[in-house]
Amino acid sequence: MATVSPEETVENDAMPKELAAESKLYIDVGIDSVPVVYRDEYNIHLLGMEKLHPFDACKWGNVVKHLKKKQLMKDMKLVSPNEATEADLRMVHSASYLRSLKWSINVAKITEVAPVALLPNIVLQKRVLKPFRYQTGGSVLAGKLAVERGWSINIGGGFHHCWGNKGGGFCAYADITLTVHFILNHYPHLERVMIIDLDAHQGNGHERDFMGRKDVYILDIYNKYIYPNDKYAKRAISRKVELFAYTEDEEYLERVSTHVEGAINEFSPHVVVYNAGTDIMEGDCLGLLSVSKQGIIERDEIVFQKVRQRNIPIVMLTSGGYQRATASVIADSIANLSKKSLIDVSSH
Ligand SMILES: [Zn+2]
């Protein structure tokens, strides 16, 4: 089982967070758009090489295709984010980490597709890292929209294995950390952020980035027997729920309900970042849990219901889960949130 050692979390030389004021990621969004963030540049087209990976590398576009097919969301006007720039990323990442991405071998390790190491870095920058930078920009912008509208969804992002000094597990940029920094810097009245991480894997990236912070509360519910088993990062989890492999709906949903409720009551967050990975779904060869499609829909409903009923802004990120069926489940879940009046997707 892969582990990550504490030495890899040494202080990084990231730039002051105040630079957020000069960023182009917080654009103004008209009220005629619904706070669902996406653009076609999210998707990865790697000369057919993406087929070597068990992932649906166009999952994000496929979610939108499914959404558009639904009568209710046919005419939904989505929000198009900007790409996170080097200056944006430096608010979280060390210069040496960003430099390391200029070597194809390092990008191959992060994406876990070995032949990627053979591609010229210029191809990887354009075909892999650029999509990730757009998704990172999307998460940050979704943070702003959540504060303005009460909720938002980035149809991408949720790279929870990446921290300031290191990437891994298909995560090259620490978009969750960056999203939280932007919120705390732009909205001084929002002092407490909660990360609810319900991807099947432990979210060791944001955990390492927020180690020791009193203003960030992390609830992490994950399969304890899979990657990354990062013992050092676990110290940063405020409420840790470790699941056995192949946990099914009833137990899973009971735990989600109990601990989301408990965490919110304990911390009274001003904003929630919800990392809604769908790799908890039965059949996922990485997540190794046994939650049904309906279980995922109910999980998202529980989280939105508990957070929204208290008028706490929530930003949802789609994170892990790349089986072919995943995109339709995410779309069905968003449709269910709308049906239950937990989100309003009608354009104004
Ligand atoms: Zn995952």
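Order of appearance sets the numbers: ligands from 1, and atoms from 1 within every ligand.
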Next on the checklist: What is the name of the N/O/S atom of Asp279 that is nearest to the Zn ion (ligand 1)?
Outcome noted: OD2
Checklist outcome for this item: min-distance N/O/S atom, Asp199 vs the Zn ion (ligand 1), resolves to OD1
Checklist entry - Taking the side chain from Asp13 and the backbone from Ala95, do they hold a donor-acceptor pair closer than 3.5 Å? => result yes
Next on the checklist: Just checking: His201, one of its N/O/S atoms, less than 2.8 Å away from the Zn ion (ligand 1), yes or no?
Outcome noted: yes
Item to check | For Asp199, side-chain contact (heavy atoms from CB on, under 4.5 Å) partners two or more places apart | outcome: His160, Asp197, His201, Asn275, Asp279, Ser319
Next on the checklist: Salt bridge or not between Lys70 and Asp332? Use side-chain N to carboxylate O under 4.0 Å.
Outcome noted: yes
Residues 129-143 side chain polar contacts: donor-acceptor under 3.5 Å, at least two apart:
residue, atom, partner, partner atom, Å
Lys130, NZ, Glu83, OE1, 3.0
Arg133, NE, Glu83, OE2, 2.8
Arg133, NH1, Gln125, OE1, 3.2
Arg133, NH1, Tyr173, OH, 3.0
Arg133, NH2, Glu83, OE2, 3.4
Gln135, OE1, Gly157, N, 2.8
Gln135, NE2, Tyr42, O, 3.1
Thr136, OG1, Phe132, O, 2.8
Ser139, OG, Gln135, O, 3.3
Ser139, OG, Asn154, ND2, 3.0
Ser139, OG, Asp175, OD2, 2.7

